[in-house]
2 protein chains.
Amino acid sequence: MLKSISLDRDEGTQLAELFRLLGEPNRLRLVTACLDGPRSVGELTALAGISQSLVSQHLRLLRAGRLLRQHRAGRRVYYDLPDCHVRSMLINMLEHMREPDEGEEENES
Amino acid sequence: MLKSISLDRDEGTQLAELFRLLGEPNRLRLVTACLDGPRSVGELTALAGISQSLVSQHLRLLRAGRLLRQHRAGRRVYYDLPDCHVRSMLINMLEHMREPDEGEEENES
DNA sequence: TCAACATATGAACATCTTTGCATATATACC
DNA sequence: GGTATATATGCAAAGATGTTCATATGTTGA
């Protein structure tokens, strides 16, 4: 586990890089599509509704950022999540997003 | 709690937007700097090592995305996290990042 | 070997974002 | 009111990113 968060400069940059990868709708869809198990590039292309070429471009970035893992089976290439952190992080963010406004503090004088 | 993740198109886009906000090193530093309690813009400017103007620009975006909350005290404006989800999400991602490589599966034939 | 299928890559283009600078607003104190 | 401090905003330039298209690589089976 982790007691506290204190990011040094490098870690901050590296972490931002991970978030940047998830910050693109198509890429995020590719990741979430892999939450229920490995998906082939073909499946992902159909699910995401974008060109196969574009899917591959995004998958390459996600692979490089270790947000997705690749393995081959015959002529298909499958992608899945490397660990459970991404999953729980997605859940947390989704909760945050779905939460109603709490601290709006309008300053109308 | 949340049983499963199934994002519709809109939620996906919205969630990606949140990640995009965290995907910029300076902005991520501003958010993490607020993890230990409210920080004034002045403090944040010193901590982040960028111009006050730029800090304000980023704070505005973080505010709009409800990743930070704003409240005024005298001539100072303080920022802090609106809920605990962002915190736990950051922890999860940090763990993911610090984890050693698991699934590299080199295909060298 | 060849053709057919599945995936990956390179380069050019269009777009979006970050940044810096100047300036505007807001608050406090005299 | 006027001045100093604290924060916010508008705009243009510079830089980074997503997308498309064409093509390359890798795999299977005849």
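Proteins get letters first, then strands, A, B, ... in listed order; numbering begins at 1 in each. Computed over heavy atoms, backbone and side chain alike; hydrogens, waters and symmetry mates excluded.
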Check your understanding: If you look at every strand shown and take non-hydrogen atoms under 4.0 Å, does A:Tyr79 touch a base, only sugar-phosphate, or nothing?
Key -> sugar-phosphate
**Study point:** DNA chain C: 5'-proximal contact among A:Ser56 and B:Arg75 (nearest heavy atom)
**Key:** A:Ser56
Study note, to complete from the structure: Testing C:dA8, C:dT18, D:dT9 for proximity to the side chain of B:Arg60, the answer is D:dT9
Check your understanding: Per the atom types in the model, does the base of D:dA8 pair as donor or acceptor with the side chain of B:Gln52 at under 3.5 Å?
Key -> yes
**Study point:** Derivation of the salt bridge (charged side-chain N to carboxylate O under 4.0 Å, His left out) call for A:Glu43 and A:Arg76
**Key:** CA-CA 10 Å; A:Glu43 292 176 297; A:Arg76 305 273 169 80; over 6 Å; no
Study note, to complete from the structure: Value for CZ (B:Arg69) from CG (B:Leu81), rounded to nearest 0.5 Å, stands at 8.5 Å
Review point. Closer than 4.0 Å, any side-chain N/O of A:Arg27 to the OP1 or OP2 of D:dT17?
Key: no
Review point. For the side chain of A:Ser53 and the base of C:dT9, is some donor closer than 3.5 Å to an acceptor across the two?
Key: yes
Exercise for review: Grab the CZ-P distance between A:Arg20 and D:dA16 for me, whole Å please.
Suggested key: 11 Å
Review point. C:dT19 phosphate, OP1 or OP2: any side-chain N/O from B:His58 under 4.0 angstrom?
Key: yes
Review point. To the side chain of B:Gln57, which of C:dT19, D:dT17, C:dA26 is closest?
Key: C:dT19
Practice item. Starting at atom CG of A:Leu61, determine the distance to atom P of C:dT9, rounded to an integer number of angstrom. Key: 11 Å
Exercise for review: Would you mind reading off the distance between A:Gln70 atom CD and D:dG26 atom P, rounded to a whole angstrom?
Suggested key: 12 Å
Review point. So among A:Leu22, A:Leu67, A:Leu21, which one has a side-chain contact (heavy atoms from CB on, under 4.5 Å) with A:Leu28?
Key: A:Leu22
Exercise for review: Can you measure from NE2 (A:His85) to CG (A:Leu18) and round to the nearest 0.5 angstrom?
Suggested key: 12.5 Å
Review point. With nearest nucleotides of DNA chain D determined for A:Glu24 and B:Arg76 from heavy-atom distances, which residue corresponds to the more 5′ nucleotide?
Key: B:Arg76
Exercise for review: Decide whether A:Thr13 and A:Glu17 meet the rule of one side-chain donor and one side-chain acceptor closer than 3.5 Å.
Suggested key: no
Review point. In whole angstrom, what separates A:Leu68's CG from C:dA8's P?
Key: 11 Å
Point to revise | Atom-to-atom span, CG of A:Leu54 to P of D:dT17 - whole angstrom | key: 15 Å
Exercise for review: Could you please name the option among C:dT18, D:dG18, D:dA8 that lies closest to any side-chain atom of B:Arg63?
Suggested key: D:dA8
Check your understanding: Roughly how many Å is it from CZ in A:Arg72 to P in D:dG26, rounded to a whole number?
Key -> 9 Å
Point to revise | Length of the line joining B:Leu59:CG and C:dT18:P, which is rounded to integer Å | key: 13 Å
**Study point:** A:Tyr78 OH to D:dT27 P, straight-line distance once rounded to whole Å
**Key:** 15 Å
Point to revise | Nucleotide of D:dT19, D:dA8, C:dT17 approaching A:Asn26 most closely (side-chain heavy atoms) | key: D:dT19
